[in-house]
Number of protein chains: 2
Amino acid sequence: MTRTSDIRVAVSTVIFSLRRLASGDGAAVVLPLVKRTRDPFEGLWALPGGWLGTDENLDAAAARTLAETTGLAPSYLEQLYAFGAVDRSPSRVVSIVYWALVRPDEAEAAHAQHNVAWFDAASLPTLAFDHNQIVDYALWRLRNKVGYSRIAHGLLPAEFTLAELREVYEAILGKRLDPANFRRQVENSATLIPTDQFRTGSHRPARLYRYDHEVELADRGPLSR
Amino acid sequence: MTRTSDIRVAVSTVIFSLRRLASGDGAAVVLPLVKRTRDPFEGLWALPGGWLGTDENLDAAAARTLAETTGLAPSYLEQLYAFGAVDRSPSRVVSIVYWALVRPDEAEAAHAQHNVAWFDAASLPTLAFDHNQIVDYALWRLRNKVGYSRIAHGLLPAEFTLAELREVYEAILGKRLDPANFRRQVENSATLIPTDQFRTGSHRPARLYRYDHEVELADRGPLSR
DNA sequence: CCAAAAGTGTTTTAATTACACCCATGC
DNA sequence: GCATGGGTGTAATTAAAACACTTTTGG
């Protein structure tokens, strides 16, 4: 016998990517939102998500719902928090929220979707439910985690210059970093492998690096241990 | 109209406390478990918990269920992770797991309860469901968090000596710490207020300290901001 | 040649570690 | 007195930060 419950379980995802600034230097953290087409909060923007399937693991549900609503496939996906306040929705919904990273080139997929738009994380409108609060927390986690793990990888292609890597850090942390010290820090962390390729075009060619896949990307929670 | 679902939401808590070692020096991390009296996993030990109430917030459910099953009231409570693998239980259950700290003197309350016993965190038997995995993750979080926050507070009375505080760190981290350097670190952190009281009894009396309540105990997640 | 980014070197500061040493109490 | 933990001082090591400087390309 299977009991039923009047508490529903949803899964949502805060998806971060980077967008090159129009001014040319630097990038901004952006995220895709979906316009709600029904009550509650019809017309407001909300995080992509959906209901948890009966035969579906939590992370699979996160990947599925964000693919269905935005067309995106994340390069990094990690559980953020379970939100379950009684008054966060007219009906009782517990949302298992994930956060994800997608590379800027992959982010194009979401532009083709209807009712999906990218927003600058620094200037969001009022969102549906408690989604403003959720995004704030995800941003805090992103900034925090970039300091002690290699998640910046999730926002870059396979090969990249140190300047491009530094740009990712600068966009997330919101401050400039000393190129000389940044170089030494990532070199000492022993997570980068220099290639024989160079990125040319601007001025002095910059060496391309790639991540050492022997090293774990980041702690993804209890399930990866 | 309210839809129903065949996914149920449970709340469980990993409760940590300290128990003085029989040898006299040092302490061990211990946690209370509840013996299951019904299937599945009847007879095995499991984390205290219960079903989420329809009109109950997640953290309230964690506090309620751990009080009902163990009689404990935690001095610190924080969400750990949401576990929802399809095969973690015969029926579909998503468990929102919390972790908590109780002071050793308060831990006595759980000894009076039937079907509750304290176990050394370092040597647990096989537990019901995926609870071994959950405890491992909670231990990792505890050890991690003690390094950058003041959660040790949650395992000590209002006033304590630096040696007692150091014992908490040593029990959690599982290694000895230099008393001299430990003293300087906590003094420089500016979270302790020296009192005029001294703990006498052994040899040279040790000054009692208390925590500065102006400083936040620790990040408790998105809801405390 | 010049501008600009790539990359190296050097100095200073701060934090961590290791460990010697003095102090105050119970016995 | 003396053993023991409380508490202070200090030198060595390591990491972070600030910044001058050299190198290499496109124009």
Side-chain angles (χ1 to χ4, degrees), chain A residues 20-21 23-27 143-150 152 156-157 159-210, chain B residues 18 20-21 23-27 143-144 146-150 152 156-157 159-210:
Chain A
R20 197 142 216 76
L21 288 180
S23 61
D25 65 322
R143 296 198 180 103
N144 196 252
K145 199 141 194 172
V146 84
Y148 65 85
S149 81
R150 315 182 316 135
L156 285 174
E159 303 197 334
F160 48 87
T161 68
L162 290 185
E164 289 164 352
L165 179 61
R166 179 165 47 85
E167 255 189 1
V168 173
Y169 278 78
E170 290 178 341
I172 292 173
L173 298 175
K175 63 178 180 187
R176 309 310 288 260
L177 300 174
D178 184 309
N181 294 334
F182 182 82
R183 165 183 298 272
R184 265 183 294 256
Q185 283 184 15
V186 298
E187 278 174 350
N188 291 340
S189 72
T191 57
L192 289 192
I193 299 177
T195 71
D196 293 334
Q197 306 287 102
F198 287 82
R199 169 99 70 233
T200 180
S202 53
H203 291 286
R204 171 173 176 178
R207 186 181 291 276
L208 291 177
Y209 291 79
R210 55 186 174 82
Chain B
L18 291 184
R20 196 140 219 72
L21 287 180
S23 60
D25 65 323
R143 295 196 181 104
N144 195 252
V146 83
Y148 65 88
S149 80
R150 315 183 316 134
L156 287 173
E159 302 197 334
F160 48 86
T161 68
L162 290 185
E164 290 164 351
L165 179 61
R166 180 166 46 86
E167 255 188 1
V168 173
Y169 278 78
E170 290 178 341
I172 292 174
L173 298 176
K175 63 177 180 183
R176 310 310 287 260
L177 301 174
D178 184 310
N181 294 333
F182 182 81
R183 166 182 299 274
R184 265 184 293 258
Q185 281 185 14
V186 299
E187 278 174 350
N188 290 341
S189 72
T191 57
L192 290 191
I193 298 175
T195 70
D196 295 333
Q197 306 287 100
F198 287 83
R199 169 100 68 231
T200 179
S202 53
H203 291 287
R204 173 175 173 177
R207 184 181 292 276
L208 292 177
Y209 291 79
R210 56 188 174 80

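So you know, we letter chains A, B, ... as the sequences are listed, proteins then strands, and number each from 1. Please read all numbers here as calculations on a predicted model, not as lab measurements. These values consider heavy atoms only, across backbone and side chains, with no hydrogens, waters or symmetry-generated copies.
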First locate atom [atom1] of [X], then atom [atom2] of [Y], and finally report the distance between them rounded to the nearest 0.5 Å.
X	Y	atom1	atom2	answer
Leu192(A)	Leu162(A)	CG	CG	6.5 Å
Tyr169(B)	Lys175(B)	OH	NZ	12.5 Å
Asn144(B)	Leu173(B)	CG	CG	10.0 Å
Arg204(A)	Phe198(A)	CZ	CZ	8.5 Å

### Query
Less than 4.0 Å between a side-chain N and a carboxylate O, is that true for Arg176(A) and Glu167(A)?
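Result for this pair is no, no salt bridge flagged.
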### Query
So what does Asn188(A) touch, heavy atoms closer than 4.0 Å: a base, only the sugar-phosphate, or nothing?
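Nothing, no nucleic acid heavy atom in range.
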### Query
Can you find a donor-acceptor pair, distance only, under 3.5 Å between Arg204(A) side chain and dA5(C) base?
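Not at all, since no donor on one side and acceptor on the other fall under 3.5 Å apart.
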### Query
Is the number of heavy atoms from other residues, nucleotides or ligands under 6.0 Å of Arg199(B) CZ greater than 12?
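Yes.
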### Task
Let me have a per-nucleotide readout for nucleotides 9-16 of chain D, 5' to 3', with B, S or -, counting only protein heavy atoms under 4.0 Å.
BB------
N/O donor-acceptor pair under 3.5 Å between [X] side chain and [Y] backbone:
X	Y	result
Glu164(B)	Thr161(B)	yes
Arg210(B)	Thr195(B)	no
Glu170(A)	Leu177(A)	yes
Arg143(B)	Ile172(B)	yes

### Task
With axes from five pairs an end, tell me the bend angle of the helix from dC1(C)-dG27(D) to dC27(C)-dG1(D), nearest 10°.
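One end axis against the other gives 10°.
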Rounded distance (Å) that lies between atom [atom2] of [N] and atom [atom1] of [X]:
X	N	atom1	atom2	result
Phe182(B)	dT8(D)	CZ	C1'	17 Å
Leu177(B)	dT16(C)	CG	P	13 Å
Tyr148(B)	dT16(C)	OH	C1'	21 Å
Arg183(A)	dT23(D)	CZ	C1'	12 Å
Arg166(A)	dA4(C)	CZ	C1'	13 Å
Asp178(B)	dC21(C)	CG	C1'	13 Å
Glu164(A)	dA6(C)	CD	C1'	13 Å
Phe198(A)	dG7(C)	CZ	C1'	11 Å

### Message
Using ring pair (Phe, Tyr, Trp, His ring centres under 6.0 Å), reason through Phe160(A) and Tyr209(A) one step at a time and then give a plain yes or no.
### Response
CA-CA 5 Å; Phe160(A) 48 87; Tyr209(A) 291 79; 7.3 Å; no
### Query
If every non-hydrogen atom of Ala27(B) is compared with every non-hydrogen atom of Ala171(B), which pair is closest and at what distance?
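For Ala27(B) versus Ala171(B), the nearest heavy atoms are O-CB, 3.3 Å.
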### Task
Please tell me which of the listed nucleotides, dA18(C), dG26(C), dG7(C), lies nearest to the side chain of His203(B)?
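That would be dG26(C).
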### Task
Tell me which of Glu187(B) and Thr200(A) sits closer to the 5' end of DNA chain D, going by the nucleotide each one is nearest to.
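Nearer the 5' end of the strand: Glu187(B).
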Set out, line by line, the N/O atom pairs under 3.5 Å between protein and nucleotides 11-14 of chain C.
none

